[in-house]
Amino acid sequence: MTALLTDLNPEQLEAVTWPHRSALVLAGAGSGKTRVLTTRIAYLLQAGHTQPQNILAVTFTNKAAREMIARIGAMLPVNIRGMWIGTFHGLCHRMLRAHHEDAGLPQAFQILDMADQLAVIKRVLKERSLDEKTLPPRQLQWFINNAKEEGLRASQVDARGNFNQTLAECYRAYEAISMREGTVDFAELLLRSHELLSRNEILRDHYRNRFEHVLVDEFQDTNRLQYKWIKLLAGSGLQQHAAIFAVGDDDQSIYAFRGAHVGNMRDLEKDFNVPKIIRLEQNYRSHGNILDAANALIENNKGRLGKNLWTAAGKGELVRVYHASTDMDETSFIVDEIKALHAEGLALSDIALLYRSNAQSRVLEHGLFNASISYRVYGGMRFFDRQEVKHALAYLRLIALPDDDNALLRIINFPPRGIGARTLEQLQDQAGELGTSLWQAALKACENVKTAAVRAGQSGRGVPGFASLVLSLQQECEGLPLPEIIRRVVDQSGLVAHYQAEREGGERLENLKELINAATSFVHEAEDDSLTAFLAHASLEGGEHQAEGHQDAVQLMTVHAAKGLEFQTVFISGLEEGLFPHENSRNEPNGLEEERRLMYVAMTRAQQRLYLSYAESRMLHGQVRVNVPSRFIDEIPDDFLKRLRSSFSGGGYRQALTGTGYAAPSTTSFASTRHQRNSDGNAVTKMAAQRLSGEGFHIGQQVSHTKFGTGTILNCEGSGADMRVQVNFRQAGTKWLSLAYAKLEAL
DNA sequence: TTCCTTGTCGCCCGG
DNA sequence: CGACAAGGAA
């Protein structure tokens, strides 16, 4: 016990040993928030105040949940299994699976991610022959998700006025489709779980009796529905059974755009009679100047709960501000600084490059690539988002739940089997008449033409071919282990053959193999290794497993993605009006304050060194735009800043100082390799290809091999004698070859 | 039906 | 600039 509590500062100690009643912990950036949360759980268990099965801890990201589990596991030899630790979506999903009947869902209900949901919405619009111009699909998606996050069903939304009425009708149609197909989107997980608990008294009492401690991470990011869900579980007023332990920081609330409601912090105080807010204000992360600069910035916001971070560390270095002429100039400055820092011995992985929006990564990637600096981009396309993986998953979904029209539409003609728009229309008409799913309509259609069906079924083409494929997969996969099911699906569906025939299909095939690998490790790790569980995992986790995380590489990500992380050195780029703060924020209520909090989050990621940069002009949306420096820079007192500027346009700052040139762009085609990132399912460290081009080869180049024929270089790794290249041969497929042995010739 | 070209429009953050 | 829908040719 004492070992658990040593090294905690007085405020942390107070939070950890807080009695069995609700608490609100205002935890500043770098103040040991996660430590308090996990130590509190360990303390409760070790002191015998509670049992693992009586604890519920909820976070926003899978990563945070995993970290929490790992840290508790390291502190206590306790069975984590009994605890409910996970994301809001994960826990709601768990609850809905357990009580799917009470929740009105089929046993194998499927989860729609954003892209799936958008596809359904496009179907709704098409069905109602609504033009994409009069009602953009994204707007409808936003409307539906927002309504759900407010706890509103289609019948409850405001339908006054023509436009609102259209929206409400579309929402209603969307609800009907979801119901019929047994699909559930992200917001629906929350809403349905909430409805289940509020309607079903027996279940509600069951869970209320079970959970004595409900701990909430990043409480400032909860939306209204999530807070209601928590209240329902804990009970409130005289009904209150559980103690809520909420940890958050109003200054780090950056998710208002998706419904986060900071007001929940004040509401919690009131609703649960929290006697006082515990403030964690000692920062263990950043040096003084960085912290002071961040504090000064956030002072400009109004209505804060109020806190002032301090550090026992020294002042450290000043915050550097670089004024660039162009985005290229900005990039070359950053690249040169990284080179210099790396030469001084700083690991690349200690450096983070942050930006407001994903589109900005392009220029930065380009610069890093040309300078042969390894980098890693977080948050782009994820493994389970990839086209070929989604196709494979769609087949799997049809096996689990054939009424999922969305899945069916995705692959009924992929790979192409002669089912065109015309056939599909007939099928849809019939389904509409019968009031069934497309799959039922397809079966019906096959019955009517039995002999033809048998013939076509054998050839594998047409609707009968498709139907017999799915039927036979359904039958023979019954009871098989998951990886074997997937292997058969990708094989018999013709996906593998299709991508083999495609010139650029090599990487896609690799991803299909990787899907089987993912299933194999899923089977080993998960309690429930069913197909349905795997499909849910794919939707909820998106494939954030971090392969090659050990490689030394600069970390590129958006500011949102950086929340909760820390780095020795941080660059924040693109600090221009319109970009950061983003221009869209001007029209939103309190939009500017949210942008400022975002900036605050970005700055407080840095431990020892912080760079801010902006450019006078920048390529945006395909055209050059001239920008003014961000007001956020002006809001930081000059005492904490050191201003730098390029001596001449186009040249780097360090170039001007030292004369060490910024490497001329190599012949390596950056564009041709961009889309290859993620071949392992996530952002991959990219070894730049300069060395390779020195040997006469570069990525994207055509080469020939005595045995395998001609092909294209896809990738490379290692250097010198160990260097290997990945080549996609036209005939022989994709292979890794060692340059030391294979005789490759450039074409 | 399929593949390829052309054209339009959006373009911030995410589980 | 890039994703994606619509339209045209084989």
Side-chain angles (χ1 to χ4, degrees), chain A residues 58-65 86-93 111-119 122 125-126 131-133 136-139 141-142 145 148-149 184-190 218 221-223 226 253-260 354-363 366 378-382 384-385 387 413-424 461-462 502 536 538-544 557-563 574 578-588 591 594-595 597-599 601-602 618-625 671 674-675:
Chain A
V58 61
T59 63
F60 276 84
T61 64
N62 293 302
K63 201 177 157 209
T87 61
F88 278 102
H89 295 88
L91 295 178
C92 287
H93 170 250
I111 301 169
L112 300 180
D113 64 20
M114 287 290 268
D116 296 329
Q117 187 190 32
L118 194 64
K122 284 179 181 169
L125 291 173
K126 200 161 258 174
D131 194 355
E132 293 212 345
K133 273 148 212 150
R138 292 210 170 271
Q139 187 179 347
Q141 185 177 33
W142 185 89
N145 289 337
K148 288 190 178 186
E149 277 161 18
V184 166
D185 58 54
F186 284 139
E188 182 75 24
L189 286 171
L190 256 307
E218 306 279 14
D221 287 337
T222 50
N223 63 33
Q226 284 160 339
S253 159
I254 55 173
Y255 285 105
F257 73 91
R258 66 174 199 215
L354 309 183
Y355 33 82
R356 178 66 178 83
S357 63
N358 271 312
Q360 286 167 255
S361 77
R362 163 165 297 280
V363 201
H366 193 115
Y378 286 81
M381 163 108 48
R382 292 178 306 180
F384 289 111
D385 293 338
Q387 185 215 107
N413 197 36
F414 194 93
R417 49 175 72 85
I419 303 172
R422 189 68 216 278
T423 317
L424 211 51
R461 292 188 66 78
E502 212 173 58
S539 301
L540 289 171
E541 295 253 351
E544 286 288 322
M557 66 192 85
T558 62
V559 180
H560 283 90
K563 182 153 154 213
L579 212 62
F580 200 176
H582 197 276
E583 56 192 343
N584 293 7
S585 70
R586 288 205 314 208
N587 307 323
E588 285 153 28
E594 172 135 330
E595 293 290 306
R597 289 192 292 270
L598 202 48
M599 180 66 180
V601 167
R618 163 181 312 272
M619 182 75 125
L620 214 64
H621 308 174
Q623 57 186 338
V624 177
R625 274 184 25 176
R674 246 186 86 76
H675 46 262

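Below, chain A is the first sequence line, B the second, and so on; all start at residue 1.
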Colleague: Set out, in order, the CA-CA distance, both residues' side-chain angles and the distance that settles salt bridge (charged side-chain N to carboxylate O under 4.0 Å, His left out) for A:Arg382 and A:Asp113, then state yes or no.
Modeller: CA-CA 12 Å; A:Arg382 292 178 306 180; A:Asp113 64 20; 6.0 Å; no

Colleague: Is there, by distance only and without an angle test, a donor paired with an acceptor across the side chain of A:Glu588 and the base of B:dC12 below 3.5 Å?
Modeller: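 Such a pair exists between side chain and base.
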
Colleague: In whole angstrom, give me the gap between the P atoms of B:dC13 and C:dC4.
Modeller: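 About 15 Å, rounded to a whole number of Å.
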
Colleague: Any idea which of B:dG15, B:dT1, C:dA5 is nearest the A:Met114 side chain?
Modeller: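 Looking only at side-chain atoms, A:Met114 lies closest to B:dG15.
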
Colleague: Counting just side-chain N and O atoms, does A:Lys563 come under 4.0 Å of either OP1 or OP2 of B:dC13?
Modeller: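 So the side chain of A:Lys563 is outside the cut-off, no N or O lying under 4.0 Å from OP1 or OP2 of B:dC13.
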
Colleague: Counting just side-chain N and O atoms, does A:Ser539 come under 4.0 Å of either OP1 or OP2 of B:dG15?
Modeller: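 Checking A:Ser539 against B:dG15: no side-chain N or O falls below 4.0 Å of OP1 or OP2.
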
Colleague: Go through the steps to decide whether A:Glu594 and A:Arg597 satisfy the test salt bridge (charged side-chain N to carboxylate O under 4.0 Å, His left out), and finish with yes or no.
Modeller: CA-CA 5 Å; A:Glu594 172 135 330; A:Arg597 289 192 292 270; 3.3 Å; yes

Colleague: Specify the separation, in whole Å, of atom CH2 of A:Trp142 and atom P of B:dC13.
Modeller: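 That distance rounds to 17 Å.
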
Colleague: Give the rounded distance in Å between these two atoms: CG of A:Leu540 and P of B:dG14.
Modeller: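 Going from CG in A:Leu540 over to P in B:dG14 covers 17 Å.
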
Colleague: Could you tell me whether the side chain of A:His89 and the main chain of A:Leu189 form a donor-acceptor pair under 3.5 Å?
Modeller: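 Answer holds: no.
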
Colleague: Would you indicate, yes or no, if B:dG14 has its OP1 or OP2 atom less than 4.0 angstrom from a side-chain nitrogen or oxygen of A:Thr558?
Modeller: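 Yes.
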
Colleague: Can you measure A:Glu132 atom CD to B:dC9 atom P for me and round it to whole angstrom units?
Modeller: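 About 11 Å, once rounded to whole Å.
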
Colleague: Without decimals, in angstroms, what is the distance between A:Arg382 CZ and B:dG14 P?
Modeller: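 Roughly 9 Å, once rounded to whole Å.
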
Colleague: Would a distance-only check, ignoring hydrogens and angles, find a side-chain to backbone donor-acceptor pair under 3.5 Å from A:Glu188 to A:Leu112?
Modeller: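 No; zero donor-acceptor contacts below 3.5 Å.
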
Colleague: If you only use heavy atoms from C-beta on, which nucleotide in B:dC12, B:dG15, C:dA5 is closest to the side chain of A:Arg356?
Modeller: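 The answer is B:dC12, which lies nearest to the side chain.
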
Colleague: Are OP1 or OP2 of C:dG2 and a side-chain N or O of A:Arg362 less than 4.0 angstrom apart?
Modeller: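 Yes.
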
Colleague: Would A:His582 count as stacked on B:dC12 if the rule is ring centres under 5.5 Å and plane angle under 30°?
Modeller: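 Stacking is present between B:dC12 and A:His582, given that their ring centres fall under 5.5 Å apart and the planes under 30°.
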
Colleague: Provide, to the nearest angstrom, the distance between the CG atom belonging to A:Leu598 and the C1' atom belonging to B:dG14.
Modeller: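 In whole Å, B:dG14 C1' lies 13 Å from A:Leu598 CG.
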
Colleague: Between A:Asn584 and B:dC11, is there a side-chain N or O to OP1/OP2 distance below 4.0 Å?
Modeller: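 Indeed not, no polar side-chain atom of A:Asn584 lies that close.
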
Colleague: Quick one: label A:Asn413 by what it contacts on the DNA or RNA (base, sugar-phosphate, nothing), any heavy atom closer than 4.0 Å.
Modeller: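 Sugar-phosphate contact only.
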
Colleague: Between A:Glu588 and A:Ser585, do the side chains contain a donor N or O and an acceptor N or O under 3.5 Å apart?
Modeller: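 Looking only at side-chain atoms, A:Glu588 and A:Ser585 do not form any donor-acceptor pair under 3.5 Å.
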
Colleague: Any base atoms under 4.0 Å from A:Arg597, or only sugar-phosphate, or nothing? Heavy atoms, all strands.
Modeller: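 No contact.
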
Colleague: Any base atoms under 4.0 Å from A:Tyr255, or only sugar-phosphate, or nothing? Heavy atoms, all strands.
Modeller: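 Sugar-phosphate only.
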
Colleague: What integer distance in Å separates A:Glu541:CD from B:dG14:P?
Modeller: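 About 17 Å, once rounded to whole Å.
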
Colleague: Nearest to the side chain of A:Lys126, which nucleotide is it out of B:dC13, B:dC3, C:dA6?
Modeller: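 For A:Lys126, the side-chain atoms sit closest to C:dA6.
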
Colleague: Are OP1 or OP2 of B:dG15 and a side-chain N or O of A:Asn62 less than 4.0 angstrom apart?
Modeller: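 For B:dG15, neither OP1 nor OP2 has a side-chain N or O of A:Asn62 closer than 4.0 Å.
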
Colleague: With no hydrogens and no angle check, is any side-chain donor or acceptor of A:Glu595 less than 3.5 Å from a backbone partner on A:His582?
Modeller: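 A pair under 3.5 Å: yes.
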
Colleague: Do we count A:Phe257 as stacking onto B:dC13 if the rule is ring centres under 5.5 Å and planes under 30°?
Modeller: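 The ring of A:Phe257 is stacked on B:dC13.
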
Colleague: What integer distance in Å separates A:Glu595:CD from B:dC12:C1'?
Modeller: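 For the pair A:Glu595 CD and B:dC12 C1', the rounded distance is 8 Å.
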
Colleague: Whole angstroms only, please: what is the CD-P distance between A:Glu583 and B:dC13?
Modeller: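 That distance rounds to 13 Å.
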
Colleague: With sugar-phosphate meaning primed atoms plus P, OP1 and OP2, does A:Glu594 contact a base, only sugar-phosphate, or nothing at under 4.0 Å between heavy atoms?
Modeller: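 Answer is nothing: A:Glu594 stays at 4.0 Å or more from every strand.
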
Colleague: Would you mind telling me which residue lines up with the more 5' stretch of DNA chain B, A:His89 or A:Ser357, judged by nearest nucleotide?
Modeller: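 Mapping each residue to its closest nucleotide by heavy atoms, the 5'-most match is A:Ser357.
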
